[in-house]
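Single-structure report; data block below.
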Amino acid sequence: MSRSALKDDVFLRMALELSRLGTCCRLKVGCVLLRADGGLASGGYNGALPGMAHCTPETCGPGMRCLHTSHAEENALGFCDGAVHTAYVTDEPCLTCTRALVRRGVRRVVFLRPYASIAEQERAEREGILAHFGVSWEHLDLHGQPTA
Ligand SMILES: [Zn+2]
Ligand SMILES: [Zn+2]
């Protein structure tokens, strides 16, 4: 494995570890952010606001969109200042998080699981942003580990 492939593997695994702290019962998401110099900028997971109730199968069942958590990307961005360059996320970012990441300078997004149920309109909007800013959008499997 090349050095750059090893780094992708390590940071994606870190995001996967962080996702274990997610408070949504349907989907646990982790995110690791790197600065342009490759230094670790921040990490986060999807979570309810401090002290608020966690998700339940009633609020976040299969096919339902979670409305109770701040997304992992949003939290990771909130825990650091300044520009970031690369985002490793367990799950393909939504449109809102894509905008937030791009605003902070992200030019490369690496994710483990594609988000299949995204609406066509949302997907098109996201594609437009990625093309405009030249963001590299990469679906990556962990070495030796099947993706969900
Ligand atoms: Zn939830
Ligand atoms: Zn999001």
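Whatever order the structure lists ligands and atoms in, that order sets their numbers, starting from 1.
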Fill in the blank from the handout: Here the vertex angle at the Zn ion (ligand 1) for SG of C55 and SG of C24, given to 10°, is 110°

Problem - Electrostatic pair D8-R108, nearest N-O below 4.0 angstrom - result: yes

Practice task
Consider only side-chain N and O atoms of E127 and W137, and report whether a donor and an acceptor are under 3.5 Å apart.
Solution key: no

Exercise for the section: Please report the closest heavy-atom contact between I129 and R99, naming both atoms and the distance. Expected result: CD1-CG, 3.8 Å

Fill in the blank from the handout: ang(SG C66, the Zn ion (ligand 1), SG C60) rounded to 10° is 110°

Exercise for the section: Please calculate the SG(C97)-the Zn ion (ligand 2)-ND1(H71) angle and round it to 10 degrees. Expected result: 110°

Exercise for the section: Work out which heavy atom in E73 is nearest to a heavy atom in L101; give both atom names and the distance. Expected result: CG-CD1, 4.1 Å

